[in-house]
Structure formats: C-alpha cells, structure tokens
Novice: 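Take this structure first; my questions come after.
These numbers come from the heavy atoms of this one structure, side chains and all, not from hydrogens, waters or symmetry mates. Just so it is clear, the model here is predicted, and its values are computed rather than measured.
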Amino acid sequence: MKIKRIISFLLCICTAFGVTACSGNKASSSDYSKDNKSTEVSSDKDDAYVQPDDITGSILIKTDKNKKLFKSNFKYGISYVHYKWENGNLKSVKAAADLMKNICQIGNQHIISFGASYMQESRDSELNFSSLDALVGRMKMVGGEYMLTLCSAPGWMLVSEPANKYDPESRPKEEYFDDYAKLCATVAKRYPQVKYFQIWNEFKGFWDKDLNGIDIELYIKFYNKVYNAVKEARPDAVIGGFYGTIQGDYTDQYGYKYDASFNPANDNEYWNMLNKWEDGAVGYDFVSCDYGIQAFKNYAKLTKPQVFNNTKNYYYALERMCKETDKPIVMAEYYGQSRAKTDEENSPEFEAAVMAMIYKNMLYGVKDRQYTALFWLENPEDIVCFFTDTEKADGGQPLPMYYVAEGITSGFTTGNTIIESSSADEEKIEVIASNKKVMAVNKTDSRCVIQYGEKYYELGAYEVKFLNAI
C-alpha cells in the first residue's frame with residue numbers, strides 16, 4: 001500500500017509540473033518545432049545580451065528582410081600550400097582541423113610544388129604519389145569538396161636552368177606539353193573523389209620578354225592539351241583555368257603614390273587577354289582569377305583608411321568579370337595589404353577586418369553568380385591565418401580571421417539571401433546583411449557602439465561582429 005501511495009503521489013507531481021519533467025526532459029514534437037525556429041542562428045542570444053555602459057554617439061544600422069537583393073551562390077574554400085600545420089603538436093593539429101571543418105566548403109591543393117613534391121625525377125622514372133596522397137588525405141581530414149590545381153611540373157620538364165630545375169615560377173617546355181597533359185590525366189584518374197581541376201597558376205613561366213607580357217597564345221595551347229587529356233580520363237571532371245592576376249591599385253604606375261581613382265575594371269589589357277582565352281579554349285567549366293589590393297611590385301605605404309578603400313576594387317573587378325563571362329568564377333587567391341608593404345604594425349584584428357570588407361565587396365560584385373573564393377592558408381607568422389601556430393602545444397586556437405570566416409560561411413554562403421542594409425556612418429562602420437546574419441565592421445582604431453533594432457553593441461578597434469538578422 002505504501003508503494004502504491006508513493007507512485008500515486010509521483011504521478012500527481014508529474015501532472016502538476018508537466019509530463020516532460022518526469023521523462024528526462026524529452027520534448028514533444030510540438031516543443032521541438034517551437035525550439036527549432038531559433039536554431040538557424042547561434043549567436044546574440046537574448047539571455048547573453050548586455051548593453052554597453054556608454055552608448056553616446058552610437059551608430060544606427062538598419063536591415064530590411066523585405067528588400068531582397070540577391071541569393072548568394074558563394075562557396076568558401078581553402079588552398080593548402082606550404083604551411084604543414086598538420087605536422088604540428090597533435091592536440092593543436094586537432095584543434096585547427098576542428099576549426100576548419102566549420103568553414104571549409106571546398107579544399108584546394110597544387111599537385112606539384114606549393115607544398116607538394118616534384119613527383120618525378122626524370123622522364124623515365126615512375127611517378128611518386130606519396131606526397132600528393134598525403135596532401136589529399138589532409139583535405140579529407142578537413143572535409144568539403146575537393147579541387148586540385150594542375151601546377152607545377154616535374155623539374156625535368158621545366159624551361160628553367162638545370163641548376164634551378166625545381167622552380168615553381170617556371171613552366172614545361174613546349175615539347176613536353178603532351179607529357180604534362182598525360183601526367184595530369186593520371187592524377188585525375190588516381191583521385192576520383194576530386195571534382196574540380198584548375199589548370200596552372202598565374203601564367204607562371206608564360207611571361208615573354210619580347211612581347212613584354214603574357215604569351216596567351218602559348219598558354220591556350222598548353223591549356224587545351226591538359227583540358228582534353230583530363231576530360232578524356234575523367235569526363236565528370238569540372239575543369240577551368242586562366243588564373244590571371246588582375247592588377248592591383250596601380251600605384252606602381254604613379255611613383256608609389258596612392259591613386260584612389262584606379263579601377264581594375266578598366267585594366268583592358270587583362271580583359272582582352274581573358275577574351276582571347278575564352279575564344280581559344282576548347283572548353284572550360286569555370287574561370288579562375290586572383291587579386292590583391294596592392295600590385296605585386298607596389299610597395300606604397302598605404303594608410304589603413306586607404307587599405308579599406310581599396311577593398312572596393314574587389315567589387316569593380318568581379319562586376320567586370322561577370323560581364324565578360326557567364327561561367328562560374330573562382331577567386332584562386334586574394335589578399336589585403338602585405339605585411340612586407342607597410343611600416344605599421346598590423347594587428348590580427350585589422351587584417352581580419354580588411355578581409356571582412358573584401359568578402360562584402362566580393363558578394364556585391366558577383367551577386368548570384370556561382371562563385372568560389374579560395375583562402376591561401378599559410379603560417380600565421382607570415383600572413384593572416386585562421387589559427388595560432390600548431391607547432392606550439394597550445395596552438396590551433398582561433399584568431400580574429402577565423403571568426404570572420406565562420407560568420408561568412410554560416411550566414412552569407414550559398415542559400416542565404418542578401419538583403420538591404422545600411423549604416424548611418426560608413427566611414428566608421430560598414431555592414432552587409434543576409435536573411436540570417438548581419439556583419440558589422442569597425443574600420444577605425446577606436447571603440448564604436450552600434451544600435452541595431454532596440455539593442456546596442458560595442459565594437460572594439462577593427463572588430464567584426466556578427467548579429468542575428470531581425
């Protein structure tokens with residue numbers, strides 16, 4: 001009788017407080033659906049919101065979900081190159097890999113050089129895939145789709161002198177174009193999991209001093225041989241090329257003085273070369289390009305406001321690219337200001353803010369075009385990076401750049417709709433918004449406060465903040 005009374009008492013408690021309280025907190029299907037309405041976003045929860053103590057001079061930002069601009073078709077990718085982050089401290093490597101799994105939608109690896117071996121010692125020797133096998137395995141560890149860049153070539157093929165036969169800036173001799181095409185076909189068959197193939201890198205070795213420019217006709221001949229060989233071996237392969245560098249801000253043409261009027265869309269030499277390639281190529285599934293806000297030989301000492309201003313050139317360049325081709329676009333490399341081209345100490349926050357502005361301008365430039373941007377992953381000591389050095393026991397920890405990449409990937413890549421947004425003071429704060437997220441970028445070296453809806457948020461110097469769109 002006592003047991004029955006106890007059971008009856010417990011049932012009364014369950015009735016009073018709800019069945020779920022007595023069933024391990026399992027939610028009903030209706031509760032699950034209700035909770036799931038808020039799971040599409042992961043930050044800025046109401047219970048975590050704390051208003052800044054001082055909201056004086058706050059900058060109003062606005063978004064309008066009813067004004068849809070375009071649907072994003074942007075894929076976030078990573079090019080794995082010289083930095084062997086996977087060979088560091090085991091704990092740090094795992095931490096870094098876990099971070100990249102959240103952001104890498106497509107991984108890219110060069111088949112030779114750029115972190116890979118030269119594969120073949122002589123024309124008669126067997127191909128050695130041990131290095132490339134390991135690097136493809138590295139891409140698998142991170143996940144996403146796969147791309148291989150068909151560059152460079154074994155040393156015995158190259159036009160460079162024997163003393164410098166391992167030269168990634170060189171190209172195969174014309175007499176070896178067929179041999180190289182055959183090698184690329186072998187690579188494509190060996191890795192059926194790789195969907196995308198990018199032919200060559202920045203016309204390396206195709207500069208002709210007599211032409212004082214790129215020998216685009218020779219590149220077209222080379223490209224067509226590789227394209228045909230890979231397509232024959234792998235009819236399912238998605239192949240593209242060109243991979244030409246769009247000029248930077250042209251300050252090298254003006255005695256290293258900043259010229260704010262330069263527009264890469266007007267660099268007709270580049271666009272004419274692209275048109276020649278399009279006309280001469282036997283086929284292509286996408287067009288590759290790369291861009292940096294300073295030309296390679298330009299060591300102008302840009303101020304930070306000038307660097308931010310130059311990120312707009314990504315918009316101009318990609319808008320023009322979309323006019324020149326109707327194919328998907330791959331931005332194979334993209335850079336902010338090089339650390340070697342400034343006397344100032346560029347903080348990780350500043351570098352990440354510049355990249356955030358690059359992504360904003362990329363998105364507005366390509367709009368709904370299928371677009372992939374490949375982040376060039378190098379050691380954090382050399383270039384902006386996602387995480388701290390994995391050689392250290394406490395490495396693999398997220399840097400400001402990681403949070404920018406994570407926010408872009410989660411709120412602005414394929415399937416997200418870009419909506420109208422504005423900032424009351426774009427000199428200090430710039431924004432872009434999707435149906436999910438708002439990205440606010442503080443372009444100043446001072447604290448700023450923004451107001452979004454009824455809430456206020458503090459942004460530190462060069463901080464990038466992602467908020468839930470309302």
Novice: If you apply the rule side-chain hydrogen bond (donor to acceptor under 3.5 Å, both in side chains), what do you find for Asp382 with Tyr83, and how did you get there?
Specialist: CA-CA 10 Å; Asp382 301 323; Tyr83 179 32; over 6 Å; no
Novice: Looking at CD1 of Ile329 and CZ of Phe74, how far apart are the two atoms once the value is rounded to the nearest 0.5 Å?
Specialist: 12.0 Å
Novice: What distance separates Cys104 SG from Phe386 CZ, expressed to the nearest 0.5 Å?
Specialist: 8.0 Å
Novice: Taking atom CD as the centre, does Glu269 end up with more than 12 heavy-atom neighbours from other residues, nucleotides or ligands that are less than 6.0 angstrom away?
Specialist: no
Novice: Using a strict threshold of under 4.0 Å (side-chain N to carboxylate O), is an ion pair present between Arg234 and Asp236?
Specialist: yes
Novice: Got a salt bridge between Asp285 and Lys327, using NZ or NE/NH1/NH2 to carboxylate O under 4.0 Å?
Specialist: no
Novice: Please report the closest heavy-atom contact between Ala281 and Tyr223, naming both atoms and the distance.
Specialist: CB-CE2, 3.8 Å
Novice: Please say whether more than 12 non-hydrogen atoms of neighbouring residues, nucleotides or ligands are located less than 6.0 Å from NZ in Lys276.
Specialist: no
Novice: Ignoring hydrogens and geometry beyond distance, is a side-chain donor-acceptor pair present between Ser288 and Gln198 at under 3.5 Å?
Specialist: yes
Novice: Are any side-chain N or O atoms of Arg138 and backbone N or O atoms of Gln109, one a donor and one an acceptor, separated by less than 3.5 Å?
Specialist: no
Novice: Inspect the surroundings of NZ in Lys301 and state if more than 12 heavy atoms from other residues, nucleotides or ligands are less than 6.0 Å away.
Specialist: yes
Novice: In plain terms, say whether Lys75 and Glu145 are close enough for a salt bridge, that is, a side-chain N and a carboxylate O under 4.0 Å apart.
Specialist: yes
Novice: Flag the pair Tyr219 / Phe203 as yes when their ring centroid distance falls below 6.0 Å, and as no otherwise.
Specialist: yes
Novice: Determine whether the aromatic ring centres of residues Tyr76 and Tyr359 are separated by less than 6.0 angstrom.
Specialist: yes
Novice: So, does Arg369 use its side chain to make a donor-acceptor pair with the main chain of Cys322 at under 3.5 Å?
Specialist: yes
Novice: Begin with the C-alpha distance, continue with both residues' side-chain angles, and end with the deciding distance and a verdict on salt bridge (Lys or Arg N to Asp or Glu O under 4.0 Å) for Lys101 and Asp98.
Specialist: CA-CA 5 Å; Lys101 287 174 184 177; Asp98 288 344; 3.7 Å; yes
Novice: Aromatic contact between Tyr118 and Tyr166, with the criterion being ring centroids under 6.0 Å apart: yes or no?
Specialist: yes
Novice: Taking the six-membered ring for Trp and the single ring otherwise, decide whether the centroids of Tyr146 and Phe197 are under 6.0 Å apart.
Specialist: no
Novice: Decide side-chain contact (heavy atoms from CB on, under 4.5 Å) for Lys71 and Asn416; before the verdict, give the C-alpha distance in whole Å, the side-chain angles of both, and the deciding distance to 0.1 Å.
Specialist: CA-CA 6 Å; Lys71 196 163 188 176; Asn416 291 292; over 6 Å; no
Novice: Are the side chains of Val354 and Thr311 in contact, using a 4.5 Å heavy-atom criterion?
Specialist: yes
Novice: Centres of the Phe206 and Phe222 rings: under 6.0 Å?
Specialist: yes
Novice: Taking all heavy atoms of Lys392 and all of Ser92, pick out the closest pair and write down the distance.
Specialist: O-OG, 2.6 Å
Novice: May I ask you to decide if Asn268's main-chain N or O and Asn272's side chain share a donor-acceptor pair within less than 3.5 Å?
Specialist: yes
Novice: Give the intermediate values and the outcome of ring-ring contact (aromatic ring centres under 6.0 Å, His included) for residues Tyr314 and Tyr291.
Specialist: CA-CA 8 Å; Tyr314 280 90; Tyr291 187 68; 4.8 Å; yes
Novice: Could you state the interatomic distance from CD1 (Ile112) to CG (Leu150), rounded to the nearest 0.5 Å?
Specialist: 9.5 Å
Novice: Quick one about Asn298 and Asp249 (side-chain donor to acceptor, distance below 3.5 Å, no hydrogens or angles considered), yes or no?
Specialist: yes
Novice: Among side-chain atoms of Asn102 and Tyr402, is any donor-acceptor pair under 3.5 angstrom?
Specialist: yes
Novice: We want to know whether Tyr316 and Asn263 form a side-chain donor-acceptor pair, criterion being a heavy-atom distance below 3.5 angstrom.
Specialist: no
Novice: Test salt bridge (Lys or Arg N to Asp or Glu O under 4.0 Å) on Lys62 and Glu420 and set out the steps.
Specialist: CA-CA 8 Å; Lys62 296 180 180 179; Glu420 187 171 285; over 6 Å; no
Novice: Could you tell me if the ring centre of Trp277 sits under 6.0 Å from that of Phe242?
Specialist: yes
Novice: Compute whether any side-chain donor of one residue and acceptor of the other, for Tyr284 and Glu278, lie under 3.5 angstrom apart.
Specialist: yes
Novice: Is there a side-chain contact (heavy atoms from CB on, under 4.5 Å) between Cys385 and Glu378 once you walk through the steps?
Specialist: CA-CA 7 Å; Cys385 189; Glu378 290 281 25; over 6 Å; no
Novice: Could you verify whether a donor N or O on one side chain and an acceptor N or O on the other, from Asp290 and Thr245, lie under 3.5 Å apart?
Specialist: yes
Novice: Compare every heavy atom of Asn201 with every heavy atom of Glu333, then report the nearest pair and how far apart it is.
Specialist: OE2-ND2, 3.6 Å
Novice: Restricting to non-hydrogen atoms, name the atom on Ile246 and the atom on Ala317 that form the minimum distance, rounded to 0.1 Å.
Specialist: CD1-CB, 3.9 Å
Novice: Check the orientation of Trp376 and Phe114. Use parallel for under 30°, tilted for 30 to 60°, and perpendicular for over 60°.
Specialist: perpendicular
Novice: Counting distance only, does the side-chain N/O of Thr390 pair as donor-acceptor with the main-chain N or O of Asn89 below 3.5 Å?
Specialist: no
Novice: Walk me through it: do Asn108 and Thr149 pass the test side-chain hydrogen bond (donor to acceptor under 3.5 Å, both in side chains)?
Specialist: CA-CA 7 Å; Asn108 173 52; Thr149 296; 2.9 Å; yes
Novice: Is there a side-chain contact (heavy atoms from CB on, under 4.5 Å) between Val464 and Met439 once you walk through the steps?
Specialist: CA-CA 7 Å; Val464 181; Met439 181 177 77; 3.7 Å; yes
Novice: Should Ile429 and Leu459 count as side-chain neighbours, where that means a heavy-atom distance under 4.5 Å?
Specialist: yes
Novice: Strictly by modelled atom types, are Ser423 and Glu430 linked by a side-chain donor-acceptor pair under 3.5 Å?
Specialist: no
Novice: When you check the side-chain N and O atoms of Tyr364 and Glu319, is any donor under 3.5 Å from an acceptor?
Specialist: no
Novice: Rounded to the nearest 0.5 Å, what separates atom CD1 in Ile432 from atom CG in Asn361?
Specialist: 8.5 Å
Novice: Please check if the side chain of Glu381 supplies one atom and the backbone of Ile383 the other of a donor-acceptor pair under 3.5 Å.
Specialist: no
Novice: Donor-acceptor pair, distance only, cut-off 3.5 Å: does the side chain of Thr444 make one with the backbone of Lys428?
Specialist: no
Novice: Look only at the side chain of Asn212 and the backbone of Lys209, and say whether a donor-acceptor pair between them is shorter than 3.5 Å.
Specialist: no
Novice: Compare every heavy atom of Glu458 with every heavy atom of Pro52, then report the nearest pair and how far apart it is.
Specialist: CG-N, 3.8 Å
Novice: Between Gln306 and Thr303 (side chain of the first, backbone of the second, donor and acceptor by atom type, cut-off under 3.5 Å), is there such a pair?
Specialist: yes
Novice: Quick one: do Asn442 and Glu349 satisfy side-chain contact (heavy atoms from CB on, under 4.5 Å)? Show the steps, please.
Specialist: CA-CA 10 Å; Asn442 181 0; Glu349 289 78 11; over 6 Å; no
Novice: Look at Glu427 together with Lys443 and state whether they make a salt bridge at an N to O cut-off of under 4.0 Å.
Specialist: no
Novice: Quick check: do Tyr457 and Gln51 have side-chain heavy atoms less than 4.5 Å from each other?
Specialist: no
Novice: I need the Leu302 CG to Ile293 CD1 distance, nearest 0.5 Å.
Specialist: 6.5 Å
Novice: Here's one to test your reading of the geometry: is the NZ or CZ of Lys341 within 45 degrees of the ring axis of Tyr299 and under 6.0 Å from its centre?
Specialist: yes
Novice: With rounding to the nearest 0.5 Å, note down the distance linking OG in Ser72 to CE in Met362.
Specialist: 12.0 Å
Novice: Would you find more than 12 non-hydrogen atoms of other residues, nucleotides or ligands less than 6.0 Å from Lys304 atom NZ?
Specialist: yes
